[in-house]
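The structure presented is a predicted model; accordingly, all values stated were derived computationally and were not measured. Computed from heavy atoms alone, side chains included, the values below leave out hydrogens, waters and symmetry copies.
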Amino acid sequence: MRKAAAGFLFVALLAVLLGASSLAVLRSALRSQDQLLNGYMEDVVLTQELVTAHTHFMHQASDFLLLEDARRLDALLRAREHFGTVVGQLTRQAPETPEERQLVEHFVATRDRARAVMDQLIATRRNEGPASGPRLLAELQPVRMDMEKTLNALADHERERYWKTRHQARADSERALGMLALGFLGTVVVAVALGVFLVRALRQRVRAESERTAMLEREHAAHRAVEERQALLDLVIEQSGDAVVVTDAKGVIQLFNAEAERQHGVSRQQVSAPEWAATFGLLTLEGHPLPLGETPLYRALEGRPVSNARWLVKRPDGSVRTLCGTASPLRRPDGTLVGAVLTARDETERLALEQQRANALERLRSTAEFRERFLGIVGHDLRNPLNAITLSARVLLVSEAFPERELKAVRRIASSADRMARMISELLDFTRSRLGGGMPVDPCLADLSVICREALEELETSHPGSRLSLRVLGQGLGEWDAGRLSQVVSNLVGNALQYSPEGSPIRVTVDGRAAREVVLSVHNEGAPIPEDVLPELFEPFRRGTRESAHHGGGLGLGLYIVQQIILAHGGTLGAESHAGDGTTFTAKLPRENSDRAATLAN
């Protein structure tokens, strides 16, 4: 890895050095070529300027030869002087090639010959005057043409040399750049190859290190998890509410948690199987020493699981505890037995509590049965003296020997006797329903609408001013106990009269439109029944609030008896009460008595 990194750095440094040196050499060569080209460009410009100066000189010479004017002679001399200056600038550098030397020598010779001819022409023109101008101009023409030809050849040579040198410099630059690019590209390729190799090696090294680190972390995490699970298991075993006892394959106790010590009253002792009963005070449920073969833990050691076993433990302080537990053999994955485990729970307090509860329930049952029998006996024995009181009161009511004042008291006695008779009747019905397996009924064919009409007529007689109405829908025929259903109607309507405002309507509806049942409903517009009272409305000895009742109450058995009568007929009874809507009791009675139908079918 280190060698690869060193090689990569060396190649990268070499590439940088080669690139820098090549760029420096190329830059120097380009600078020299630029200087050479600039010199050649100056020569081209000078030759062009020489051509221009010669043309101007020839024009001034023509003007001087043709026109007599001292001013033109001055212009000719100035043009000649400027031409000479330009020629001096052009010829100050030595020729580089034979061709260039030959051109320069020919130009110098042509210039010298033209200078001599021009001096002669100027002198002749000044001596002979303007008449000699055309002749002199004709003599000047060959020299002029020769000079122009020489100058044009020199200018063409300079231009050709400039462009040839320029093209050569460009080709050399491109060649140098190509070579430099190829060398640099090769160096870059080698550096990239080394870099790729180095990166791949580094990546493999990093991956290996990452995998090794991850493996070490997993191992550490697994060790920590095992340690945490072991610590958690120790805490669960030690703080468990059940006793946990573990033995090895030889029956020697190896684990005895805190709850086991509390249940047995002794700490863990590594005793073998034959010493369990004596060491830990194990007894049978009858109080005898528990044989080794009957202990759940020993049976588990023999490979027989035990569940819900029960035994006694006599602790050193003399107290006896009842334990219930489960024992299971401990096996390795290959099935080899390595020991047994026992979990036990102390049930002493629970069994004592259950016994107390059973005794209390037995006492309550005996008390309730005695009370109900007592109520039945008292109710039955009170009927005879109460009948005598009622009969005597009725005899006194039809007698004319008492004034109106005494008759009012007799009527009060008769009304009180009737109310007592109803209470006794309810007590007897309650006793029959609780002790006799339900309310006794004697069903036969009857019309519920007729039963309701007769019951309402009796209630109107005893409650003058009440507003009772009956609505019949469909047929009300069915197999019912007419007397018991009359009692239902009287209790429901009487309850409605008791808990509704004076003069408010009481509506009774018999709906017999269904084929299999008839629905009886009693509705009043009194105050709604409290929500906490509705669930217990049909319980015995339950009554409404005193504020809502305006007639003398009973024992609170009326609705309970109504429910029992409806249930005895195989029906259901319910109540709904809402503010603003009043209260409605609804009883659903099947038309056919199920017991009688079963008897006829048999």
Salt-bridge criterion met for [X] and [Y] (N-O under 4.0 Å):
X	Y	result
Arg262	Glu259	yes
Glu211	Arg207	no
Glu349	Arg321	yes

Any chance [atom1] of [X] has more than 12 other-residue heavy atoms, nucleotides or ligands included, within less than 6.0 Å?
X	atom1	result
Arg350	CZ	yes
Glu576	CD	no
Glu531	CD	no
Phe585	CZ	yes

Practice item. Using modelled atom types only, decide if a donor and an acceptor are shared between the side chain of His264 and the backbone of Ala260 within a distance under 3.5 Å. Key: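 Yes, the answer is positive, given that a donor and an acceptor are paired below the 3.5 Å cut-off.
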
Counting C-beta onward and ignoring hydrogens, is there a side-chain heavy-atom pair between [X] and [Y] closer than 4.5 Å?
X	Y	answer
Thr326	Val341	no
Val508	Leu468	no
Arg310	Glu347	yes

Review point. So Asp248 and Gln254, side chain to side chain donor-acceptor pair (under 3.5 Å) or not? Walk me through it.
Key: CA-CA 7 Å; Asp248 58 15; Gln254 301 295 331; 3.2 Å; yes

**Study point:** Worked check of side chain to side chain donor-acceptor pair (under 3.5 Å) between Thr509 and Asp511
**Key:** CA-CA 6 Å; Thr509 303; Asp511 189 350; over 6 Å; no

Practice item. For Thr213, enumerate each residue passing the side chain to side chain contact (heavy atoms under 4.5 Å, CB included) test, keeping only those at least two apart in sequence or located in another chain. Key: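 Result, side chain to side chain contact (heavy atoms under 4.5 Å, CB included) vs Thr213: Glu217.
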
Check your understanding: Phe256 vs Phe280 aromatic rings, parallel, tilted or perpendicular, using cut-offs 30° and 60°?
Key ->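 Phe256 and Phe280: parallel rings.
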
Practice item. Output the distance between atom CG (Leu470) and atom OG (Ser449), rounded to the nearest 0.5 Å. Key: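 Reported to 0.5 Å precision, the distance equals 7.0 Å.
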
